[in-house]
Number of protein chains: 2
Amino acid sequence: MAAMKWWGWGEDGVAFTDADKPELAPFIQAKIGLDVRHSTARPVPFADLDVPAPSVPGVLQAALEEAVGAAHVSADPLDRVVHGRGKSLRDLVLQRRGDLGRLPDAVVRPGSEAEVAAVLAAALEADAVVIPFGGGTNISGSLDAPPGEPRPVLSVDLGRLDRVLEIDAVSRLARVQAGVFGPALEAQLNASGWTLGHFPDSFTHSTLGGWIATRSSGMQSDKFGDVADLTRGLRAVTPAGTLVVRPVPSTSTGPSVREMMLGSEGRLGIITEATVHVHRLPEERVILGYLLPDWERALEAMHAIAGSEATPSVTRVSDAPETQFSFATRKAASRVDRLKSSALQVVLRRRGIDVEQMCLAFVGFEGSAGHVKTQRGLVGKLVKAHGGLGIGSGPGALYDQKKFDTPYIRDYLLDRGALGDVSETAAPWSALRGLYDAVQTAAAEAIAAQGVGAYVMCHMSHSYHAGACLYFTFAVNASGARDELVAYDAVKGAIQQAFVDAGGTLSHHHAVGTEHARWLEQDISPAGVAMQRALFEGIDPGSNLNPGKITGAAAVREP
Amino acid sequence: MAAMKWWGWGEDGVAFTDADKPELAPFIQAKIGLDVRHSTARPVPFADLDVPAPSVPGVLQAALEEAVGAAHVSADPLDRVVHGRGKSLRDLVLQRRGDLGRLPDAVVRPGSEAEVAAVLAAALEADAVVIPFGGGTNISGSLDAPPGEPRPVLSVDLGRLDRVLEIDAVSRLARVQAGVFGPALEAQLNASGWTLGHFPDSFTHSTLGGWIATRSSGMQSDKFGDVADLTRGLRAVTPAGTLVVRPVPSTSTGPSVREMMLGSEGRLGIITEATVHVHRLPEERVILGYLLPDWERALEAMHAIAGSEATPSVTRVSDAPETQFSFATRKAASRVDRLKSSALQVVLRRRGIDVEQMCLAFVGFEGSAGHVKTQRGLVGKLVKAHGGLGIGSGPGALYDQKKFDTPYIRDYLLDRGALGDVSETAAPWSALRGLYDAVQTAAAEAIAAQGVGAYVMCHMSHSYHAGACLYFTFAVNASGARDELVAYDAVKGAIQQAFVDAGGTLSHHHAVGTEHARWLEQDISPAGVAMQRALFEGIDPGSNLNPGKITGAAAVREP
């Protein structure tokens, strides 16, 4: 797996473009007053970066080289810069400015669990800081060393631990090394007819260990579960020794140490492997598109589906602004497309659906042909009962292909002077509508106070028995702002505050890191934070393991 | 809710009987050489018990009375004896002998969360020990104070917190006080058409808070999930303040403090309420009986059902010894029953099913009539494919009615000089058959070494994607043993050791307590135990909260 761009998302040479989307530039111009025809801003050139010399004491350097081999202890400037941060919007802005933060002094690449243990032992012996690194896609500030950290900082890249070790076909479990990236994992599983079924938007550039360490959730979580459900067993190297969690289907041994590692963001140790649920590749798999007349009925339809005997793999519905954005990213239409589109307009008019209010939904189905047919029937009836209609499999197939490209759009916007980002939460069904309205109000107030052009859109996804995720995407035209990050913080902070005020959690699947740490007490109460602290401080009394994440910025200790 | 017997299970006047089961006495005589026609042992009379005077310092007594009112601070000897222990086999034997252990000095009954907080504050101020008490049914030694504990010991009975506070019909969530017993909870939910769907064998005598504190699982967990899945939010009074976990459907805020309370057995605080999944009472509900030709094919059939698109609410299959025991507990047959039975014999012979090898299974279905019909069809085909046949809804209905009476049989056996108990585990599907064989071998060796008559039987229940629970029941004729508890320990210990040696967990739904604590390191590794200890010691540095549970016996501190 090639490393990601040091200044943005994904691999060099791959980028979002509006060239094949004729409606997009006018849409953005209309919504946030931004002219996207020309790129106006670029990251500083790598050659101009001020990369400080690494500081690794000789004894530590020798111990690391002994642990993993000299070839796997890197002081390369680009390597250190790529490993210095994740990909939060703040990370992107700062990297582009050449403000690199506290870079790791070395990037260490262990090739086995024993090597991970040797690296951790060497680091603890030298009182160094250890930050585990998977794909580097975290957008909550989980990967950077505290500013001014005086101790040596090591980024431990798990990328060499990239194999499926064993598939237990009877138990439908796979034992997998933690550093494997999504595509490599699925390729190894697919080769013998299996899938993990975990497809977060970061899928192409993120790893199994990263998913576990951040309590990730994939697009098909309705069927397969969140990574917390998928992960049955795991192994992790901790200061208290190697943690071994057996892959049992359930246990009354509590408090669950499996759950303590899920979402631990490197603060308890380094996850080396996991035993995860796998499923047979389905006979049929389809994602169908639907249009609902408005947001109210869109949410009600999803709620009804979640409460029915239907068991879809994906449920997702966009609000009207996001629906309009989706239509604005359409490629230049062929004559056939235009004809279809005209026919759809007729149907919509006949059904009394207002194109300004309508909401685009995707519902996925998989399994045997008979099962898929039954499920489609059940969902189709519920959509119809809420005033909606099916629009076939075309839009869903397109969404399915393109979903992993979405993160590239932030770089496209930054190149043009705009900040695009996301904030998402989960809440009970009864709270969703109020939470949505509270977020819109809070965001609008923040945007007005900053005097910037901005667009906020949302979708509901990840249905559960008792609630769902609301996922907001917003774009701020920063050209009107005095300081782009101040304007961004105001909008992002207003949205996050509205989440916890309205009964939502601080994030459904983007973890806490440092970006969300200030809402932690409001999310899980001061006693909850005390429980997390007790765990972290008991296992890592020297605060060597990814300090400052989740429970807040650790005071920088004097050396 | 009336208190349970101080010396046994359930309410006074209710007992298991063989009077209406003509085949049982001969069966027990044949299997473990025990004549059950006459009761041979009785608990010592209550009047003969040596109940030491309670020792509550005046300041603490005053603070407790201030906290909950004098009427709710009990020093009554029977109250203290009932609250001194749970209902493990060891508990029953010791209680019957009049060996009461370290009794609580007072039983305190708070009527609100604020009162719980006041009780805990008073206890911590006085350096007293606090043991939360729900229904007192725990069978793993989670409820007794350490022997010789020099500090005052308080049993905090949550029984006054017995109300459903709120039902959020849209979110399908109910906010419920922790002290409510199963029947009272279901009655309050059923009144408006809802059910929790959590039916452990202890249901009639156990509480919501107890289920959460021990990571309980109910008979219908295939559909509704374990209590860990059902519990979305909770509140608990801890030394670090009141923990408030919001009822969000999922969150990436990790490590999960919700999960830290699940299975915490009172070591982190006192759970006062929870917000739990509720479901609409189903249109149809049926438990069907099936006969499988042997254990191998019985397990394979359950595995196939779990891997299919069928979604039953219950899957359970007994091995041949348990099947024979079930048939031996039949009531005296009517002429119609005898005719049915003869007809069944003919069918079994025709199908080549050996009655000595056959295994009785129950599979439950619930939902709309159409859904139940589809599910029955799917399961029926899979059972047939594994050489089995359906025997209708009669046996399942009987099992459904009688399942909560099973725990009474231990007292019946103790009255007759035999020890009956259970040990259960969960393991991946691929490990189940080997684990079963290992347990049988280990138990047989232990039984032979003790020179006692014994019977071991098993069922598989609680199916998951990746594995299931194996639940062993054993009876030891202790009349041949020098010390009945030594003989019991040898058999129980051999079974538990076989669990962890063969890839199972120490218990699927009976918690750790003190009875299972010696297998904890083997279950979750020393690093896992260190993580639990870090959490407990950080939150409860004085070891005031149910000391010695889960992570092992705490050294008794000098006063």
Side-chain angles (χ1 to χ4, degrees), chain A residues 168 170-173 214-215 226 232 238 240-257 259-260 262-264 277 309 367-368 371 426-430 464-468 505-512 523-528 530-532 534-535 537-539, chain B residues 168 170-173 214-215 226 232 238 240-257 259-260 262-264 277 309 367-368 371 426-430 464-468 505-512 523-528 530-532 534-535 537-539:
Chain A
D168 174 350
V170 173
S171 305
R172 303 180 272 257
L173 288 170
T214 57
R215 291 184 63 91
D226 301 326
R232 292 263 59 85
T238 84
T242 300
L243 174 72
V244 183
V245 176
R246 301 164 158 228
V248 295
S250 185
T251 175
S252 61
T253 302
S256 166
V257 292
E259 280 281 352
M260 290 183 200
L262 281 154
S264 58
H277 285 182
E309 287 168 341
S368 67
H371 179 80
W429 288 109
S430 63
Y464 301 85
H465 173 80
T505 183
L506 59 78
S507 169
H508 168 262
H509 58 270
H510 288 148
V512 184
D523 190 10
I524 62 171
S525 77
M531 286 164 67
Q532 293 183 332
L535 177 60
E537 289 170 9
I539 292 298
Chain B
D168 175 349
V170 173
S171 305
R172 303 180 272 258
L173 288 170
T214 57
R215 290 183 65 91
D226 301 327
R232 291 264 60 82
T238 83
T242 300
L243 175 73
V244 183
V245 177
R246 303 165 157 225
V248 294
S250 185
T251 174
S252 61
T253 302
S256 166
V257 291
E259 280 280 354
M260 290 182 200
L262 281 155
S264 57
H277 285 183
E309 285 167 345
S368 68
H371 180 80
W429 288 110
S430 62
Y464 300 86
H465 173 81
T505 182
L506 59 79
S507 170
H508 169 263
H509 59 269
H510 288 148
V512 184
D523 190 9
I524 63 171
S525 77
M531 287 164 66
Q532 292 183 332
L535 177 60
E537 290 169 9
I539 291 300

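Lettering of chains follows the sequences in order, A, B, ..., and the numbering in each one begins at 1. As a basis for the values below, the full set of heavy atoms in this structure was taken, side chains included, without hydrogen atoms, waters or symmetry mates.
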* How far does CZ of B:Arg215 sit from OG of A:Ser250, to the nearest 0.5 angstrom? -> 6.0 Å

* Under 4.5 Å heavy-atom distance to chain B, tell me which part of A:Asp523 shows up: side chain, backbone, both or neither. => both

* Asked: Checking A:His510 against chain B: side chain, backbone, both or neither under 4.5 Å from a heavy atom?
  -> backbone

* B:Glu259 and A:Met260, any side-chain heavy atoms less than 4.5 Å apart -> no

* To do: Sort out for me which of A:Gly241, A:Ser430, A:Ala468, A:Gly538 touches chain B most, counting heavy-atom pairs under 4.5 Å.
  => A:Ser430

* Asked: Under 3.5 Å, is there a donor-acceptor pair between the side chain of B:Glu309 and the main chain of A:Gly367?
  -> no

* To do: Under 4.5 Å heavy-atom distance to chain B, tell me which part of A:Leu173 shows up: side chain, backbone, both or neither.
  => side chain

* Examine whether an atom of A:Ser256 lies under 4.5 Å from a heavy atom of chain B, and if so say whether it belongs to the side chain, the backbone or both; otherwise answer neither. => both

* Largest heavy-atom contact set with chain A, pairs under 4.5 Å, which of B:Ser171, B:Ser525, B:Ala527 -> B:Ser171

* Might you point out which heavy atoms bring B:Val248 and A:Thr505 nearest each other, and give the distance in Å? => CG1-N, 3.8 Å

* At a heavy-atom separation under 4.5 Å, does A:Ser507 approach chain B through its side chain, its backbone, both, or neither? -> both

* Asked: Taking all atoms of both residues into account, what is the closest heavy-atom pair of A:Leu535 and B:Pro255, and its distance?
  -> CD2-CG, 4.1 Å

* Asked: Between B:Ala530, B:Gly467, B:Pro247, B:Ala466, which has the largest tally of heavy atom pairs under 4.5 Å with chain A?
  -> B:Ala466

* Structure fact -> OG of B:Ser264 to CD1 of B:Ile539, rounded to nearest 0.5 Å, is 11.0 Å

* Asked: Can you name the closest pair of heavy atoms from A:Pro249 and B:Pro428 and give their distance?
  -> CD-N, 4.0 Å

* Asked: Which of the residues A:Leu262, A:Thr214, A:Asp226, A:Thr253 is involved in the greatest number of heavy-atom pairs with chain B at under 4.5 angstrom?
  -> A:Thr253

* Relative to chain B, which of A:Ala534, A:Ser252, A:Ala240 shows the most heavy atom pairs under 4.5 Å? -> A:Ser252

* Structure fact -> So, the part of A:Ala427 with a heavy atom under 4.5 Å from chain B: the answer is backbone

* Options A:Thr251, A:Thr242, A:Val257, ranked by heavy-atom pairs under 4.5 Å with chain B, top entry -> A:Thr251

* Structure fact -> One option among A:Thr238, A:Asp168, A:Val245 has the most heavy-atom pairs under 4.5 Å with chain B, and it is A:Asp168

* **Among A:Met531, A:His465, A:His508, A:Gln532, residue most engaged with chain B (heavy-atom pairs, under 4.5 Å)** => A:His465

* What's the shortest heavy-atom distance between B:Trp429 and B:Tyr464, and which atoms? -> NE1-O, 3.1 Å

